[in-house]
> 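There's a structure below that I have some questions on.
Residue numbers start from 1 in every chain, and the chains themselves are labelled A, B, ... in the order their sequence lines are given, proteins ahead of strands. Just so we're clear, the structure is a prediction, and the values are computed from it rather than from any experiment.
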There are 2 protein chains.
Amino acid sequence: MNGSDSTPTAPGSGAPRRSDATRGAILAAARERFATDGYERATIRAIAKDANIDPSMVMRYYRNKEGLFAAAVAIDLRLPDVSGADRRQDAGRILVEHFLDMWENNEVLTALLRVGVTNQAGAERMQGILRDQLLPVARQVCPDLEQVPARAALMASQLLGLALTRYVLRMPPAVGLARAEIVAWLAPTVQRYLTAPSP
Amino acid sequence: MNGSDSTPTAPGSGAPRRSDATRGAILAAARERFATDGYERATIRAIAKDANIDPSMVMRYYRNKEGLFAAAVAIDLRLPDVSGADRRQDAGRILVEHFLDMWENNEVLTALLRVGVTNQAGAERMQGILRDQLLPVARQVCPDLEQVPARAALMASQLLGLALTRYVLRMPPAVGLARAEIVAWLAPTVQRYLTAPSP
DNA sequence: GGTGTTTGCCAACATCTGTTGACATCCCTC
DNA sequence: GAGGGATGTCAACAGATGTTGGCAAACACC
(Lines give C-alpha, C1' and ligand atoms only; values in the text may rest on other atoms or scores of the structure.)
Protein backbone atom coordinates (compact mmCIF):
# COMPACT_ATOMS: atom_id res chain seq x y z
CA MET A 1 0.00 0.00 0.00
CA ASN A 2 1.91 2.95 -1.27
CA GLY A 3 -0.88 5.41 -0.67
CA SER A 4 -0.71 8.86 -2.19
CA ASP A 5 2.80 10.19 -1.97
CA SER A 6 2.47 13.94 -1.53
CA THR A 7 2.71 15.40 -5.03
CA PRO A 8 2.58 12.74 -7.70
CA THR A 9 4.25 14.56 -10.56
CA ALA A 10 6.85 16.91 -9.14
CA PRO A 11 7.77 15.46 -5.77
CA GLY A 12 8.48 18.04 -3.14
CA SER A 13 7.67 21.08 -5.23
CA GLY A 14 4.66 23.04 -6.41
CA ALA A 15 1.48 23.90 -4.62
CA PRO A 16 -1.12 21.18 -4.01
CA ARG A 17 -3.59 21.07 -6.86
CA ARG A 18 -7.26 20.38 -6.76
CA SER A 19 -6.70 17.38 -9.03
CA ASP A 20 -4.23 15.66 -6.75
CA ALA A 21 -6.79 13.06 -5.74
CA THR A 22 -7.41 12.14 -9.36
CA ARG A 23 -3.73 12.09 -10.18
CA GLY A 24 -3.13 9.80 -7.25
CA ALA A 25 -5.97 7.49 -8.22
CA ILE A 26 -4.56 7.25 -11.73
CA LEU A 27 -1.09 6.41 -10.46
CA ALA A 28 -2.40 3.79 -8.05
CA ALA A 29 -4.48 2.13 -10.75
CA ALA A 30 -1.59 2.31 -13.20
CA ARG A 31 0.78 0.65 -10.75
CA GLU A 32 -1.64 -2.18 -10.20
CA ARG A 33 -2.34 -2.73 -13.88
CA PHE A 34 1.31 -2.55 -14.89
CA ALA A 35 2.14 -5.02 -12.13
CA THR A 36 -0.45 -7.59 -13.12
CA ASP A 37 -0.67 -7.11 -16.89
CA GLY A 38 2.65 -5.73 -18.08
CA TYR A 39 3.06 -2.71 -20.30
CA GLU A 40 1.17 -3.67 -23.43
CA ARG A 41 -1.87 -5.22 -21.83
CA ALA A 42 -2.25 -2.49 -19.24
CA THR A 43 -4.43 -0.25 -21.39
CA ILE A 44 -5.08 3.35 -20.58
CA ARG A 45 -8.79 2.68 -20.79
CA ALA A 46 -8.58 -0.05 -18.16
CA ILE A 47 -6.47 2.11 -15.87
CA ALA A 48 -8.90 5.00 -16.25
CA LYS A 49 -11.81 2.72 -15.47
CA ASP A 50 -10.10 1.49 -12.31
CA ALA A 51 -9.50 5.07 -11.28
CA ASN A 52 -13.10 5.98 -12.13
CA ILE A 53 -12.19 8.75 -14.50
CA ASP A 54 -12.11 9.37 -18.22
CA PRO A 55 -9.18 8.08 -20.30
CA SER A 56 -8.52 11.56 -21.57
CA MET A 57 -7.58 12.69 -18.07
CA VAL A 58 -4.65 10.32 -18.15
CA MET A 59 -3.37 12.02 -21.25
CA ARG A 60 -3.91 15.47 -19.83
CA TYR A 61 -1.93 14.77 -16.68
CA TYR A 62 0.76 12.45 -18.02
CA ARG A 63 1.01 13.33 -21.72
CA ASN A 64 1.03 9.75 -22.98
CA LYS A 65 1.39 6.16 -21.90
CA GLU A 66 5.14 6.36 -21.53
CA GLY A 67 4.80 9.40 -19.32
CA LEU A 68 2.27 7.59 -17.18
CA PHE A 69 4.59 4.64 -16.76
CA ALA A 70 7.50 6.90 -15.90
CA ALA A 71 5.41 8.64 -13.26
CA ALA A 72 3.86 5.47 -11.87
CA VAL A 73 7.04 3.47 -11.49
CA ALA A 74 9.60 5.40 -9.51
CA ILE A 75 11.65 3.10 -7.37
CA ASP A 76 13.81 3.79 -4.40
CA LEU A 77 15.05 0.54 -2.94
CA ARG A 78 16.13 2.31 0.26
CA LEU A 79 18.96 -0.12 0.57
CA PRO A 80 20.45 -0.13 4.05
CA ASP A 81 23.98 0.93 4.79
CA VAL A 82 26.28 -2.04 5.17
CA SER A 83 29.61 -0.25 5.33
CA GLY A 84 30.17 -0.77 9.05
CA ALA A 85 32.78 -3.34 9.92
CA ASP A 86 30.27 -5.43 11.88
CA ARG A 87 27.52 -5.16 9.29
CA ARG A 88 29.82 -5.90 6.40
CA GLN A 89 30.09 -9.56 7.30
CA ASP A 90 26.30 -9.67 7.63
CA ALA A 91 25.60 -7.86 4.38
CA GLY A 92 24.15 -10.93 2.66
CA ARG A 93 21.51 -11.54 5.28
CA ILE A 94 20.67 -7.87 5.68
CA LEU A 95 20.23 -7.35 1.97
CA VAL A 96 18.16 -10.48 1.37
CA GLU A 97 15.84 -9.61 4.23
CA HIS A 98 15.50 -6.08 2.99
CA PHE A 99 14.77 -7.29 -0.51
CA LEU A 100 12.03 -9.60 0.69
CA ASP A 101 10.44 -6.82 2.70
CA MET A 102 10.46 -4.62 -0.35
CA TRP A 103 8.91 -7.14 -2.70
CA GLU A 104 6.31 -8.46 -0.31
CA ASN A 105 4.51 -5.14 0.01
CA ASN A 106 5.38 -3.06 -2.98
CA GLU A 107 3.67 -3.89 -6.22
CA VAL A 108 5.75 -1.33 -8.07
CA LEU A 109 8.69 -3.70 -8.08
CA THR A 110 6.65 -6.41 -9.75
CA ALA A 111 5.36 -3.85 -12.22
CA LEU A 112 8.85 -2.76 -13.17
CA LEU A 113 10.08 -6.32 -13.57
CA ARG A 114 7.12 -7.23 -15.77
CA VAL A 115 7.54 -4.15 -17.91
CA GLY A 116 11.32 -4.31 -18.04
CA VAL A 117 11.13 -7.65 -19.78
CA THR A 118 9.06 -6.48 -22.74
CA ASN A 119 9.68 -2.74 -22.86
CA GLN A 120 12.93 -1.01 -23.68
CA ALA A 121 12.25 1.94 -21.41
CA GLY A 122 11.51 -0.46 -18.57
CA ALA A 123 14.73 -2.35 -19.15
CA GLU A 124 16.72 0.85 -19.09
CA ARG A 125 15.04 1.86 -15.88
CA MET A 126 16.16 -1.39 -14.30
CA GLN A 127 19.68 -0.88 -15.55
CA GLY A 128 19.59 2.51 -13.87
CA ILE A 129 18.55 0.98 -10.56
CA LEU A 130 21.38 -1.51 -10.72
CA ARG A 131 23.83 1.26 -11.50
CA ASP A 132 22.58 3.87 -9.05
CA GLN A 133 21.39 1.80 -6.11
CA LEU A 134 22.78 -1.73 -6.15
CA LEU A 135 26.25 -0.87 -7.30
CA PRO A 136 26.96 1.59 -4.46
CA VAL A 137 26.07 -1.10 -1.95
CA ALA A 138 28.52 -3.49 -3.56
CA ARG A 139 31.11 -0.77 -3.40
CA GLN A 140 30.65 -0.53 0.35
CA VAL A 141 31.63 -4.11 1.01
CA CYS A 142 33.62 -5.31 -1.97
CA PRO A 143 37.37 -5.42 -1.45
CA ASP A 144 38.49 -4.85 -5.06
CA LEU A 145 36.87 -1.79 -6.61
CA GLU A 146 37.41 -3.09 -10.10
CA GLN A 147 35.21 -6.09 -9.38
CA VAL A 148 32.31 -4.07 -8.05
CA PRO A 149 30.16 -4.12 -11.22
CA ALA A 150 30.54 -7.86 -11.66
CA ARG A 151 29.69 -8.57 -8.05
CA ALA A 152 26.69 -6.27 -8.12
CA ALA A 153 25.48 -8.04 -11.24
CA LEU A 154 25.84 -11.41 -9.56
CA MET A 155 23.88 -10.20 -6.57
CA ALA A 156 21.22 -8.80 -8.88
CA SER A 157 20.97 -12.08 -10.76
CA GLN A 158 20.19 -14.01 -7.59
CA LEU A 159 17.79 -11.49 -6.09
CA LEU A 160 15.93 -10.80 -9.32
CA GLY A 161 15.84 -14.51 -10.05
CA LEU A 162 14.08 -15.13 -6.79
CA ALA A 163 11.62 -12.31 -7.48
CA LEU A 164 11.02 -13.69 -10.94
CA THR A 165 10.26 -17.25 -9.90
CA ARG A 166 8.36 -16.31 -6.76
CA TYR A 167 6.43 -13.12 -7.50
CA VAL A 168 6.07 -13.06 -11.28
CA LEU A 169 6.08 -16.62 -12.58
CA ARG A 170 4.72 -17.86 -9.26
CA MET A 171 6.35 -21.23 -9.57
CA PRO A 172 4.73 -23.31 -6.84
CA PRO A 173 7.94 -24.52 -5.14
CA ALA A 174 9.28 -20.97 -5.11
CA VAL A 175 6.05 -19.59 -3.71
CA GLY A 176 6.07 -22.32 -1.08
CA LEU A 177 9.41 -21.30 0.37
CA ALA A 178 9.18 -19.76 3.81
CA ARG A 179 10.77 -16.40 4.35
CA ALA A 180 13.28 -17.86 6.81
CA GLU A 181 14.23 -20.55 4.32
CA ILE A 182 14.92 -18.00 1.62
CA VAL A 183 17.08 -15.93 3.90
CA ALA A 184 18.99 -18.98 5.11
CA TRP A 185 19.72 -20.14 1.56
CA LEU A 186 20.28 -16.86 -0.24
CA ALA A 187 22.14 -14.85 2.38
CA PRO A 188 25.35 -16.89 2.06
CA THR A 189 25.12 -16.67 -1.72
CA VAL A 190 24.85 -12.89 -1.74
CA GLN A 191 27.49 -12.61 0.95
CA ARG A 192 29.85 -14.68 -1.15
CA TYR A 193 29.15 -12.71 -4.33
CA LEU A 194 29.95 -9.50 -2.48
CA THR A 195 32.92 -10.34 -0.28
CA ALA A 196 34.48 -13.69 -1.15
CA PRO A 197 37.81 -13.59 -2.96
CA SER A 198 37.48 -13.90 -6.70
CA PRO A 199 37.31 -17.63 -7.46
CA MET B 1 20.10 -22.22 -35.13
CA ASN B 2 17.32 -24.65 -34.56
CA GLY B 3 16.68 -25.20 -38.24
CA SER B 4 13.54 -26.99 -39.35
CA ASP B 5 12.79 -29.84 -37.03
CA SER B 6 11.27 -32.59 -39.12
CA THR B 7 7.52 -32.14 -38.82
CA PRO B 8 6.60 -28.91 -37.11
CA THR B 9 3.12 -29.72 -35.88
CA ALA B 10 2.98 -33.41 -35.05
CA PRO B 11 6.56 -34.42 -34.30
CA GLY B 12 7.49 -37.85 -35.51
CA SER B 13 4.20 -38.68 -37.17
CA GLY B 14 2.39 -38.01 -40.43
CA ALA B 15 3.67 -37.86 -43.96
CA PRO B 16 5.72 -34.86 -45.05
CA ARG B 17 3.50 -32.16 -46.48
CA ARG B 18 4.15 -29.83 -49.34
CA SER B 19 3.74 -26.90 -46.97
CA ASP B 20 6.43 -27.99 -44.55
CA ALA B 21 8.78 -25.30 -45.76
CA THR B 22 6.20 -22.60 -45.08
CA ARG B 23 5.33 -24.08 -41.73
CA GLY B 24 8.97 -24.08 -40.79
CA ALA B 25 9.48 -20.53 -41.93
CA ILE B 26 6.54 -19.42 -39.83
CA LEU B 27 7.87 -21.17 -36.75
CA ALA B 28 11.35 -19.73 -37.20
CA ALA B 29 10.00 -16.22 -37.62
CA ALA B 30 7.67 -16.67 -34.68
CA ARG B 31 10.49 -17.82 -32.42
CA GLU B 32 12.56 -14.79 -33.31
CA ARG B 33 9.71 -12.34 -32.84
CA PHE B 34 8.56 -13.83 -29.57
CA ALA B 35 12.14 -13.77 -28.33
CA THR B 36 12.77 -10.14 -29.16
CA ASP B 37 9.30 -8.60 -28.72
CA GLY B 38 7.40 -10.75 -26.25
CA TYR B 39 3.92 -12.10 -26.79
CA GLU B 40 1.83 -8.98 -27.27
CA ARG B 41 4.18 -7.05 -29.51
CA ALA B 42 5.00 -10.03 -31.68
CA THR B 43 2.14 -9.53 -34.13
CA ILE B 44 1.00 -12.19 -36.52
CA ARG B 45 1.37 -9.73 -39.35
CA ALA B 46 5.00 -9.09 -38.49
CA ILE B 47 5.73 -12.79 -38.18
CA ALA B 48 4.07 -13.47 -41.52
CA LYS B 49 6.06 -10.71 -43.14
CA ASP B 50 9.30 -12.16 -41.80
CA ALA B 51 8.31 -15.55 -43.18
CA ASN B 52 7.30 -13.99 -46.50
CA ILE B 53 3.79 -15.34 -46.48
CA ASP B 54 0.29 -14.09 -45.85
CA PRO B 55 -0.97 -13.66 -42.27
CA SER B 56 -3.90 -15.93 -43.01
CA MET B 57 -1.53 -18.84 -43.51
CA VAL B 58 -0.52 -18.59 -39.90
CA MET B 59 -4.12 -19.03 -38.86
CA ARG B 60 -4.65 -21.93 -41.24
CA TYR B 61 -1.71 -23.88 -39.93
CA TYR B 62 -1.79 -22.95 -36.23
CA ARG B 63 -5.44 -21.99 -35.58
CA ASN B 64 -4.67 -18.82 -33.65
CA LYS B 65 -1.90 -16.90 -31.93
CA GLU B 66 -1.89 -19.12 -28.88
CA GLY B 67 -1.54 -22.19 -31.06
CA LEU B 68 1.35 -20.59 -32.88
CA PHE B 69 3.10 -19.84 -29.63
CA ALA B 70 2.54 -23.34 -28.36
CA ALA B 71 3.99 -24.79 -31.54
CA ALA B 72 6.90 -22.36 -31.72
CA VAL B 73 8.09 -22.71 -28.17
CA ALA B 74 8.69 -26.32 -27.29
CA ILE B 75 11.61 -26.68 -24.96
CA ASP B 76 13.72 -29.67 -24.09
CA LEU B 77 16.57 -28.57 -21.84
CA ARG B 78 18.37 -31.88 -22.47
CA LEU B 79 19.73 -31.70 -18.96
CA PRO B 80 22.66 -34.04 -18.47
CA ASP B 81 22.59 -36.95 -16.08
CA VAL B 82 24.32 -36.13 -12.81
CA SER B 83 23.40 -39.21 -10.83
CA GLY B 84 26.85 -40.83 -10.94
CA ALA B 85 28.78 -40.66 -7.69
CA ASP B 86 31.62 -38.74 -9.32
CA ARG B 87 29.37 -36.37 -11.25
CA ARG B 88 27.18 -35.67 -8.27
CA GLN B 89 29.81 -33.54 -6.58
CA ASP B 90 30.31 -31.69 -9.86
CA ALA B 91 26.63 -31.18 -10.56
CA GLY B 92 26.78 -27.43 -10.02
CA ARG B 93 29.47 -26.83 -12.59
CA ILE B 94 27.99 -29.26 -15.09
CA LEU B 95 24.54 -27.71 -14.88
CA VAL B 96 25.72 -24.11 -15.08
CA GLU B 97 27.85 -24.87 -18.12
CA HIS B 98 25.01 -26.71 -19.76
CA PHE B 99 22.63 -23.83 -19.05
CA LEU B 100 24.98 -21.31 -20.60
CA ASP B 101 25.37 -23.46 -23.70
CA MET B 102 21.63 -23.68 -24.02
CA TRP B 103 20.96 -19.97 -23.65
CA GLU B 104 23.81 -18.79 -25.83
CA ASN B 105 22.49 -20.45 -28.95
CA ASN B 106 18.82 -21.02 -28.48
CA GLU B 107 16.54 -18.06 -28.85
CA VAL B 108 13.55 -20.15 -27.82
CA LEU B 109 14.60 -19.90 -24.20
CA THR B 110 14.65 -16.13 -24.34
CA ALA B 111 11.29 -16.19 -26.06
CA LEU B 112 9.75 -18.33 -23.36
CA LEU B 113 11.16 -16.18 -20.58
CA ARG B 114 9.87 -13.00 -22.21
CA VAL B 115 6.45 -14.46 -22.78
CA GLY B 116 6.23 -16.21 -19.43
CA VAL B 117 6.45 -12.88 -17.66
CA THR B 118 3.41 -11.32 -19.32
CA ASN B 119 1.38 -14.29 -20.48
CA GLN B 120 -0.37 -16.82 -18.29
CA ALA B 121 0.11 -19.68 -20.75
CA GLY B 122 3.81 -18.87 -20.92
CA ALA B 123 4.11 -18.85 -17.15
CA GLU B 124 2.44 -22.24 -16.92
CA ARG B 125 4.77 -23.58 -19.56
CA MET B 126 7.73 -22.52 -17.46
CA GLN B 127 6.23 -24.10 -14.38
CA GLY B 128 5.95 -27.29 -16.38
CA ILE B 129 9.61 -27.17 -17.32
CA LEU B 130 10.64 -26.73 -13.71
CA ARG B 131 8.43 -29.62 -12.71
CA ASP B 132 9.27 -32.03 -15.52
CA GLN B 133 12.89 -31.26 -16.25
CA LEU B 134 14.59 -29.38 -13.43
CA LEU B 135 13.00 -31.25 -10.57
CA PRO B 136 14.17 -34.70 -11.73
CA VAL B 137 17.73 -33.43 -11.82
CA ALA B 138 17.45 -32.20 -8.29
CA ARG B 139 16.09 -35.58 -7.31
CA GLN B 140 19.20 -37.24 -8.68
CA VAL B 141 21.55 -35.42 -6.34
CA CYS B 142 19.51 -34.22 -3.41
CA PRO B 143 19.84 -36.25 -0.24
CA ASP B 144 16.40 -35.60 1.26
CA LEU B 145 13.56 -36.28 -1.18
CA GLU B 146 11.20 -34.01 0.66
CA GLN B 147 13.46 -31.04 -0.01
CA VAL B 148 13.70 -31.65 -3.74
CA PRO B 149 11.11 -29.06 -4.84
CA ALA B 150 12.60 -26.32 -2.69
CA ARG B 151 16.12 -27.04 -3.92
CA ALA B 152 15.03 -27.15 -7.53
CA ALA B 153 13.30 -23.81 -7.07
CA LEU B 154 16.45 -22.31 -5.59
CA MET B 155 18.49 -23.57 -8.51
CA ALA B 156 15.92 -22.18 -10.93
CA SER B 157 15.98 -18.81 -9.21
CA GLN B 158 19.72 -18.44 -9.70
CA LEU B 159 19.83 -19.76 -13.25
CA LEU B 160 16.80 -17.83 -14.45
CA GLY B 161 18.06 -14.74 -12.66
CA LEU B 162 21.26 -14.90 -14.63
CA ALA B 163 19.36 -15.38 -17.87
CA LEU B 164 17.10 -12.48 -16.99
CA THR B 165 19.84 -9.99 -16.23
CA ARG B 166 22.15 -11.13 -19.00
CA TYR B 167 19.98 -12.15 -21.95
CA VAL B 168 16.72 -10.28 -21.44
CA LEU B 169 17.40 -7.08 -19.51
CA ARG B 170 20.96 -7.01 -20.85
CA MET B 171 22.33 -5.23 -17.84
CA PRO B 172 25.82 -4.14 -18.89
CA PRO B 173 27.75 -5.69 -15.98
CA ALA B 174 25.90 -8.97 -16.45
CA VAL B 175 26.55 -8.97 -20.17
CA GLY B 176 30.20 -8.22 -19.50
CA LEU B 177 30.78 -11.30 -17.42
CA ALA B 178 32.97 -13.88 -19.09
CA ARG B 179 31.65 -17.39 -19.39
CA ALA B 180 34.38 -18.73 -17.11
CA GLU B 181 33.57 -16.12 -14.49
CA ILE B 182 29.92 -17.08 -14.47
CA VAL B 183 30.73 -20.73 -14.08
CA ALA B 184 33.21 -20.04 -11.31
CA TRP B 185 30.75 -17.94 -9.34
CA LEU B 186 27.50 -19.79 -9.98
CA ALA B 187 28.63 -23.39 -9.88
CA PRO B 188 29.25 -23.39 -6.12
CA THR B 189 25.90 -21.71 -5.56
CA VAL B 190 23.98 -24.31 -7.52
CA GLN B 191 26.01 -27.09 -5.98
CA ARG B 192 25.15 -25.83 -2.52
CA TYR B 193 21.46 -25.45 -3.32
CA LEU B 194 21.38 -29.04 -4.51
CA THR B 195 23.54 -30.95 -2.09
CA ALA B 196 24.44 -28.90 1.00
CA PRO B 197 22.68 -29.84 4.22
CA SER B 198 19.61 -27.74 4.89
CA PRO B 199 20.88 -24.59 6.63
C1' DG C 1 -6.98 -34.93 -69.04
C1' DG C 2 -10.30 -34.28 -65.51
C1' DT C 3 -11.08 -34.13 -60.42
C1' DG C 4 -10.42 -33.06 -55.83
C1' DT C 5 -7.32 -31.44 -52.45
C1' DT C 6 -3.72 -28.49 -50.92
C1' DT C 7 -1.44 -24.05 -50.84
C1' DG C 8 -1.43 -19.28 -51.22
C1' DC C 9 -3.13 -14.44 -51.69
C1' DC C 10 -6.52 -10.78 -51.23
C1' DA C 11 -9.93 -8.11 -49.08
C1' DA C 12 -12.59 -7.42 -45.38
C1' DC C 13 -14.63 -7.75 -40.57
C1' DA C 14 -15.10 -6.27 -35.83
C1' DT C 15 -12.63 -4.74 -32.13
C1' DC C 16 -9.32 -2.46 -29.51
C1' DT C 17 -5.52 0.82 -29.13
C1' DG C 18 -3.44 5.56 -27.97
C1' DT C 19 -4.67 10.01 -28.63
C1' DT C 20 -7.17 14.47 -29.66
C1' DG C 21 -10.44 18.23 -29.54
C1' DA C 22 -14.77 20.38 -28.34
C1' DC C 23 -17.82 21.32 -24.87
C1' DA C 24 -19.85 21.52 -20.04
C1' DT C 25 -18.93 22.37 -15.12
C1' DC C 26 -16.70 23.58 -11.01
C1' DC C 27 -13.96 26.66 -8.05
C1' DC C 28 -11.24 30.55 -6.90
C1' DT C 29 -10.35 35.57 -7.47
C1' DC C 30 -11.51 40.20 -8.17
C1' DG D 1 -21.53 38.18 -9.30
C1' DA D 2 -18.59 38.25 -13.42
C1' DG D 3 -14.24 36.30 -15.46
C1' DG D 4 -10.91 32.85 -16.07
C1' DG D 5 -8.47 28.90 -15.39
C1' DA D 6 -8.62 24.25 -13.81
C1' DT D 7 -11.21 19.88 -13.98
C1' DG D 8 -14.05 16.54 -16.03
C1' DT D 9 -17.09 14.23 -19.83
C1' DC D 10 -18.32 12.90 -24.53
C1' DA D 11 -17.48 11.65 -29.01
C1' DA D 12 -14.56 10.72 -32.41
C1' DC D 13 -10.17 9.89 -35.06
C1' DA D 14 -6.64 6.97 -37.34
C1' DG D 15 -4.16 3.05 -37.07
C1' DA D 16 -3.20 -1.64 -35.67
C1' DT D 17 -4.70 -6.30 -34.29
C1' DG D 18 -6.56 -11.11 -34.48
C1' DT D 19 -9.35 -13.50 -37.37
C1' DT D 20 -12.44 -15.06 -41.34
C1' DG D 21 -14.08 -16.32 -45.93
C1' DG D 22 -13.70 -16.36 -50.86
C1' DC D 23 -11.15 -17.25 -54.85
C1' DA D 24 -7.10 -18.38 -58.05
C1' DA D 25 -3.23 -21.26 -58.93
C1' DA D 26 -0.39 -25.52 -58.11
C1' DC D 27 -0.30 -30.09 -57.27
C1' DA D 28 -1.43 -35.24 -56.80
C1' DC D 29 -4.00 -38.98 -58.41
C1' DC D 30 -7.15 -41.69 -61.23
> For M126(B) and L130(B): C-alpha separation, side-chain torsions, deciding distance, then whether side-chain contact (heavy atoms from CB on, under 4.5 Å) applies.
CA-CA 6 Å; M126(B) 295 201 71; L130(B) 170 65; over 6 Å; no
> Does Y61(B) place a side-chain N or O at less than 4.0 Å from the phosphate oxygens OP1/OP2 of dG8(C)?
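Indeed, a polar side-chain atom of Y61(B) lies that close.
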> Without hydrogens or angle criteria, can the side chains of E104(B) and Y167(B) be said to hold a donor-acceptor pair below 3.5 Å?
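The criterion, which ignores hydrogens and geometry beyond distance, is satisfied for Y167(B) and E104(B).
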> Measure NZ/K49(A) against P/dT9(D) and give the value in whole Å, please.
14 Å
> I need the CE-P distance between M57(B) and dG8(C), as an integer number of Å.
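Rounded to the whole Å, the gap is 4 Å.
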> Establish, with yes or no, whether the OP1 or OP2 oxygen of dA6(D) is under 4.0 angstrom from a side-chain nitrogen or oxygen of S19(A).
no
> Is there a side-chain contact between T22(A) and the phosphate of dG8(D), meaning an N or O under 4.0 Å from OP1 or OP2?
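Yes, within the criterion.
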> How close or far is atom C1' of dT25(C) from atom CD1 of I53(A), stated in whole angstroms?
17 Å
> Answer with yes or no whether the side chains of T189(A) and Y193(B) bring together a donor and an acceptor at under 3.5 Å.
yes
> Polar atom pairs between nucleotides 13-22 of chain D and protein, under 3.5 Å, N or O only, would you list them?
{"unit_1": "dG18(D)", "atom_1": "OP1", "unit_2": "K65(B)", "atom_2": "NZ", "d": "2.9"}
{"unit_1": "dG18(D)", "atom_1": "OP2", "unit_2": "I44(B)", "atom_2": "N", "d": "3.1"}
{"unit_1": "dG18(D)", "atom_1": "N7", "unit_2": "R45(B)", "atom_2": "NH1", "d": "2.6"}
{"unit_1": "dG18(D)", "atom_1": "O6", "unit_2": "R45(B)", "atom_2": "NH2", "d": "2.9"}
{"unit_1": "dT19(D)", "atom_1": "OP2", "unit_2": "K65(B)", "atom_2": "N", "d": "2.9"}

> Could you state the OH-C1' distance from Y62(A) to dT7(D), rounded to the nearest angstrom?
14 Å
> One thing to verify: whether R87(B) and D81(B) come together as a salt bridge, which I'm taking to mean a side-chain N less than 4.0 angstrom from a carboxylate O.
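Answer for the salt bridge query: no.
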> Rounded off to whole Å, could you give me the CZ-to-P distance for the R18(B) and dG8(C) pair?
8 Å
> Whole angstrom is fine here: how far is it from CD1 in I26(A) over to C1' in dG8(D)?
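Whole-Å distance recorded here is 11 Å.
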> Can you tell me if CZ on R63(A) sees more than 12 non-hydrogen neighbours from other groups inside 6.0 Å?
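No, CZ of R63(A) has 12 or fewer neighbouring heavy atoms, counting only those of other groups under 6.0 Å.
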> Indicate yes or no: does D101(B) engage R179(B) in a salt bridge with an N to O separation below 4.0 Å.
yes
